[in-house]
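Structure first, then comments.
Not measured: the values here are computed from a predicted model.
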Amino acid sequence: MNDQTAASPLPTESPLRILLTGAQMLFVAFGALVLVPLLTGLDPNVALFTAGIGTLIFHGVTRVSVPVFLASSFAFIAPIQGSVANYGIPATLGGLMVAGLVYVVISQFVRLKGTVWLHRLLPPVVVGPVIMVIGLALAPVAVDMATGETSEAIGYGTALFLSMASLLVTLVLAVFGRGLIRLIPIMGGILTGYALATLMGVVDFSPVRDAAWLALPSFTAPSFHWAAILFMIPVAIAPAVEHIGDMVAIGSVTRKNYLEKPGLHRTLLGDGLATAAAAIFGGPPNTTYSEVTGAVTLTRAFNPWIMVTTACIAIVLAFVGKLGALLQTIPGPVMGGIMTLLFGSIAVVGMNTLVRAGKPLTAPRNLVVVSLVLVFGIGGMQFGNGQFTLQGVSLAALVGIVLNWVLPRAEEE
C-alpha cells in the first residue's frame with residue numbers, strides 16, 4: 001500500500017521571521033482559543049497547552065505538510081456546558097476523549113473505504129440541522145450571561161452595557177475590519193468590554209495579584225461514565241464532517257490537495273488524536289482554526305513549520321500563571337455579548353450547509369428529518385433516564401442519522 005507522506009522541508013526563512021510569524025498566528029487564534037475554556041469552566045492555561053500539544057501531534061501524523069493550527073473547538077461549547085452541569089468536569093473529559101477516538105475510527109474507515117460512505121451516512125440534511133442545534137441549544141445561557149443573570153456583582157444595566165459594547169465592537173471588526181484586524185473580532189470585543197469593565201470598577205484583580213508568574217496549568221484527569229460518553233460521542237459527527245471543509249479551504253489557499261496528500265485519513269487521525277490528548281490533560285477538543293486559515297491567506301505564510309512554532313509558543317505561555325488568572329477575571333457579561341454572536345454564527349453555518357446542498361427542505365423526507373432534529377435538539381426532548389439519558393445535541397444527531405437511514409429516499413436521489 002503506497003501511503004507514504006514525505007515531511008515538509010525545514011523552513012528556509014530566518015529563525016526570527018519564523019518566530020514572529022508564528023507569534024502572529026497565535027495572536028490571531030488567541031481570542032477564540034481561550035474563549036472556549038472560559039465559557040465551559042475549563043482552565044485557559046490548559047487550553048493553551050493542549051492546543052500546542054494537539055497541533056504538534058497533528059503535524060507529527062501529517063509529517064508537517066499542512067499549514068494549520070489546532071485549538072479549542074466551538075462546536076463543543078454547548079455540549080461541554082451541558083455535560084459539566086450534569087456529570088462534572090472529569091466525566092465530561094472522559095466523554096471528550098472517547099469523542100476524539102471516534103475521529104480515529106472514522107479516519108480508518110476513510111482510509112479503507114474512502115469518503116462516499118461518510119457523505120451517505122451524514123448528508124447535509126442531517127449535518128446542517130445538527131450544527132444549528134449546537135449553536136442554538138444554549139442560546140438562553142448567552143442571554144443570561146449578557147444580562148448579568150450569572151454575575152452576582154454586576155447589575156442588569158451595567159451588564160447590558162458591557163455585553164452590547166463587546167458585541168458591537170466584535171461585529172464591527174468582523175464586518176468592516178480590514179487585513180489582520182478582521183481576523184481578530186473576538187479578541188477586539190473582549191478587550192473593549194474588559195477595558196470598559198475595568199473603568200467601571202467591576203473587575204476583581206486580586207486573583208492576578210495572588211497568582212505566581214510561573215505555574216503548572218491546572219491539569220485535570222478524565223474519568224469514564226457511560227452517560228457522559230453517550231452524551232458526547234454524537235457531537236463529534238458535525239466537526240468530523242466540517243473537518244473536510246477545513247482541509248478543502250486551506251488547500252484552496254495553498255493550491256494543494258490535502259485530501260490526497262497527506263490524505264484525509266491522516267488529517268482526521270491527527271485531529272482525533274489531538275482531541276483525545278487534550279482531554280487527557282483537561283483541555284477542550286481541538287479543531288483546525290479558520291481564523292488561522294484567514295491569516296495564512298493574508299500573509300502567504302504557507303510553511304507548516306510556522307504552525308509548529310506557534311504550537312511551541314502556546315505551550316510556553318501555558319506556564320505563565322498570571323496570564324490564566326487575568327483571563328479568568330473577564331466579567332461574564334463581556335463573554336455573554338460575544339456568545340450571542342458566536343452561537344448565532346454557528347447556527348448560520350448549519351443553515352448554510354442546508355442551503356448549499358440545494359435540496360428542497362419542504363420535500364416530505366427532508367421536512368421530517370430537519371424538523372425533528374431541530375425540535376428534539378432545541379426543545380429539551382430526552383429519552384431514558386439515569387446513566388443512559390439521550391438529550392440535546394447527542395439525541396438530535398442520533399435522530400437525524402436514524403431517520404436518514406430508514407426513510408425512503410426521493411427518486412432523484
Next item on the list: Assign the ring pair Tyr87 / Phe231 to parallel, tilted or perpendicular, where the plane angle (0 to 90°) is split at 30° and 60°.
Entry: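 Geometry flag for Phe231 against Tyr87: perpendicular rings.
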
Would you be so kind as to tabulate the donor-acceptor pairs closer than 3.5 Å made by side chains of residues 269-276, with sequence neighbours excluded?
| from | atom 1 | to | atom 2 | distance (Å) |
| --- | --- | --- | --- | --- |
| Asp271 | OD2 | His243 | ND1 | 3.0 |
| Thr275 | OG1 | Asp271 | O | 3.2 |
| Thr275 | OG1 | Asn286 | N | 3.2 |
| Thr275 | OG1 | Asn286 | O | 3.2 |

How would you list all residue pairs meeting ring pair (Phe, Tyr, Trp, His ring centres under 6.0 Å) that involve [range], not counting sequence neighbours?
{"range": "residues 124-143", "answer": "none"}
{"range": "residues 267-301", "answer": "Phe49-Phe281, Phe219-Phe281"}
{"range": "residues 131-180", "answer": "none"}

Ignoring hydrogens and geometry, is there a side-chain-to-backbone donor-acceptor pair from [X] to [Y] under 3.5 Å?
{"X": "Thr220", "Y": "Gly282", "value": "no"}
{"X": "Ser371", "Y": "Val368", "value": "no"}
{"X": "Ser72", "Y": "Leu33", "value": "yes"}
{"X": "Thr267", "Y": "Leu264", "value": "yes"}
{"X": "Lys256", "Y": "Gly251", "value": "no"}
{"X": "Thr288", "Y": "Leu70", "value": "no"}
{"X": "Ser163", "Y": "Ala146", "value": "yes"}
{"X": "Asn366", "Y": "Thr362", "value": "no"}
{"X": "Ser107", "Y": "Val104", "value": "yes"}
{"X": "Ser151", "Y": "Gly148", "value": "no"}

Check: More than 12 foreign heavy atoms under 6.0 Å from CZ of Phe109: is that the case here?
Finding: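 No, CZ of Phe109 has 12 or fewer neighbouring heavy atoms, counting only those of other groups under 6.0 Å.
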
Note to self: Would you say CE of Met200 has more than 12 non-hydrogen atoms from neighbouring residues, nucleotides or ligands within 6.0 angstrom?
What the structure shows: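 More than 12 within 6.0 Å, yes.
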
Next item on the list: Enumerate the residue pairs fulfilling side-chain hydrogen bond (donor to acceptor under 3.5 Å, both in side chains) with a member in residues 176-199, sequence neighbours excluded, ordered by first and then second residue.
Entry: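 Sorted result for residues 176-199: Tyr194-Thr329.
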
Non-neighbouring partners of [X] that pass side chain to side chain donor-acceptor pair (under 3.5 Å), sequence neighbours left out:
{"X": "Thr254", "value": "Tyr258"}
{"X": "Thr287", "value": "none"}
{"X": "Asp204", "value": "Ser206"}
{"X": "Asp144", "value": "none"}

Applying side chain to side chain contact (heavy atoms under 4.5 Å, CB included), can you list everything that pairs with [X], at least two apart in sequence or on another chain?
{"X": "Thr21", "answer": "Arg17, Met25, Ala301, Ile306"}
{"X": "Leu20", "answer": "Leu16"}
{"X": "Gln81", "answer": "Leu39, Thr40, Ile77, Leu138, Val141, Met339, Phe343"}

A side-chain contact here means heavy atoms from C-beta on lying under 4.5 Å apart; do [X] and [Y] qualify?
{"X": "Thr309", "Y": "Cys312", "value": "no"}
{"X": "His225", "Y": "Ile229", "value": "no"}
{"X": "Leu191", "Y": "Val169", "value": "no"}
{"X": "Val349", "Y": "Met132", "value": "no"}
{"X": "Val373", "Y": "Val126", "value": "no"}

Notebook entry, point to check: Run the side chain to side chain contact (heavy atoms under 4.5 Å, CB included) check on Asp246 and Thr293 step by step: do they pass?
Noted result: CA-CA 9 Å; Asp246 292 336; Thr293 298; over 6 Å; no

Next item on the list: Before giving the answer on side chain to side chain contact (heavy atoms under 4.5 Å, CB included), spell out for Leu374 and Leu136 the whole-Å C-alpha distance, their side-chain angles and the decisive distance to 0.1 Å.
Entry: CA-CA 9 Å; Leu374 290 176; Leu136 297 176; 5.9 Å; no

Item checked: Gap between atom CG of Leu101 and atom CD1 of Ile233 - 0.5 Å precision ->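 Reported value, rounded in 0.5 Å steps: 9.0 Å.
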
Note to self: I need the Met335 CE to Thr340 OG1 distance, nearest 0.5 Å.
What the structure shows: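 Met335 CE to Thr340 OG1: 11.5 Å, rounded to 0.5 Å.
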
Notebook entry, point to check: Between Arg120 and Asn404, does any side-chain donor sit less than 3.5 Å from a side-chain acceptor?
Noted result: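 There is no such pair between these side chains.
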
